[in-house]
Amino acid sequence: MISKISTGFMVGAVVLALGAGVAYAALAGDEAITARQACMKANGKMMGTLVPMIKGEKPYDAAAVKAALDGEGPACSKWAEFWPEDSKVGKAVKTRALDAIWTDPKGFEAAGNADYKAFTELAATTDEAGFKAKFPALGAACGGCHEKFRAPAP
Amino acid sequence: MSLYIFSKRKLGALALLAVSGLLVFWVASAPHPFVAADIPPHTANLENGKLFYNIGGCISCHASEADAAVPAGGKPFATPIGVLYPPNLTSDPKTGLGKWSNLDFVNAMQKGLHPDGAHLIPAFPYTSYANMNVDDVLDIKAYLDALPPVKNASKQHDVMALPIIRRGLGLWKWIGLNHAKFMADSKQSTSWNRGAYLVNGPGHCSECHTPRTIFMSSNTAKLFQGGPHPEGKGKVPSLRDLSGRGRYKDAKDLVLAFQNGEELGYDKMSSGGMGEVRKNISKLSESDIAAIAEYVMSLK
């Protein structure tokens, strides 16, 4: 009898913990804003490595390119969770996200997909010619989002 | 009884005051268009017209909903006073500018007047275009005339009390519209002066990059110091001391930013409508872009 109760209790606890786990995993509010800003920071850091090579200020370095692209990944892995409805306006943090993200979800998704595609294609390059050919599309994809879905700086 | 007479007199005085007030308003807000003799004879230069069409950014507001590269108008433009529907600039005689004379066009571009005498809403930046050389204005018309006509009837603006606002603009023009033509500064280089002309005249950069006074006229004491964004969120950045503030290293850096934007990692020209502006500027010749950059980087 006791063991039955304790089993039931344990199952219940596991279910509760799982539920809490799921709730915890989905980003909300300021948390989502902070997470996507960390992703953008990582993007900026990556660009800090790539842009000097594109401009010819630094020599092309395949290993450094790969490290920069790989380094961006973790901060942006939860992209799909970055944009809950309750993160339009920050409570304690500020956001430059425009309402268009939520009023034009198709356009926003397309802009995100363009970025993902350009990123993947750039990551597949192995030499300087490929890198220089594929970089502009990634830059343009950044712009595609910043033009329509990001407010000017405060 | 005496009270009755007093109030009748008072009413009469009030009516007189109102009528004379309306009269002053009507006279002071009247349009003052150019007349035919003001417009010089002109030989069209289509290449020059295209250049000024691009630096003027006409397409950014006058794009059609069907084709973003055709200035047939109609794409809604949200402003603080309501939604505007910029008109059709193609040469269609019924719905576009096909029937406009050179005089009509210059009056619109530099006096902010419709051929029927109505004041145009200054979301159309005639306040900057007023500084342009008439020849450049007329070349824009020639360029528009040469584009294929597109039938697209202009929609009524969605603005409260529009006729009253329009007439009131006649008053506003006394402070908001400066007819002084661009004057070259002989102490500066030719390219600097070219840049100053492109920025302050057709480029109308000051319309957003200079804050406004409480009368919504350009606050020239704070020229290019930036200000609130006209669409609300965020700010329009200052154009002063761009190198000292670490925005661009030098004029060359700014040229690359204008030409490439984020394709070369320049992410400061994308948001708030500047992405569109940058694309228009990128269509200019390298020497014109360099002239703009030289002038802008010299703003301290």
Self-check item: Pairwise distance CG(Asp99(A)) to NZ(Lys233(B)) - rounded to 0.5 angstrom
Solution: 6.5 Å
Exercise. Return the minimal non-hydrogen interatomic distance between Ile54(A) and Leu264(B), and the atom names on each side.
Key: CG2-CD1, 3.0 Å
Quiz item: Can you find a pair of side-chain heavy atoms, one from Asp267(B) and one from Arg150(A), that are under 4.5 Å apart?
Solution: yes
Practice problem: Identify whether the distance between the nearest side-chain nitrogen and carboxylate oxygen of Glu57(A) and Lys249(B) falls below 4.0 Å. | Solution: yes
Quiz prompt | Portion of Ala97(A) that has a non-hydrogen atom of chain B nearer than 4.5 angstrom | solution = backbone
Quiz item: Is any residue of residues 269-277 of chain B within less than 4.5 Å of chain A by heavy atoms, and which ones?
Solution: Ser270(B), Ser271(B), Gly272(B), Gly275(B)
Quiz item: Is the NZ atom of Lys235(B) crowded by more than 12 outside heavy atoms at less than 6.0 Å?
Solution: no
Quiz item: Out of curiosity, Met47(A) CE to Tyr266(B) OH, how far, rounded to the nearest 0.5 Å?
Solution: 13.0 Å
Quiz item: Salt bridge between Glu147(A) and Arg278(B), side-chain N to carboxylate O under 4.0 Å?
Solution: no
Exercise. Report, as yes or no, whether the 6.0 Å neighbourhood of atom NZ on Lys106(A) holds more than 12 heavy atoms from other residues, nucleotides or ligands.
Key: no
Quiz item: Counting only heavy atoms not in Lys88(A), do more than 12 sit closer than 6.0 Å to its NZ atom?
Solution: yes
Quiz item: Under 6.0 Å from the NZ atom of Lys94(A), do we count more than 12 heavy atoms belonging to anything else shown?
Solution: no
Self-check item: Side chain / backbone / both / neither for Ala140(A) at chain B, heavy atoms under 4.5 Å
Solution: both
Quiz prompt | Any residue meeting side-chain contact (heavy atoms from CB on, under 4.5 Å) with Leu223(B), in chain and number order, not counting sequence neighbours | solution = Ser206(B), Thr210(B), Arg240(B)
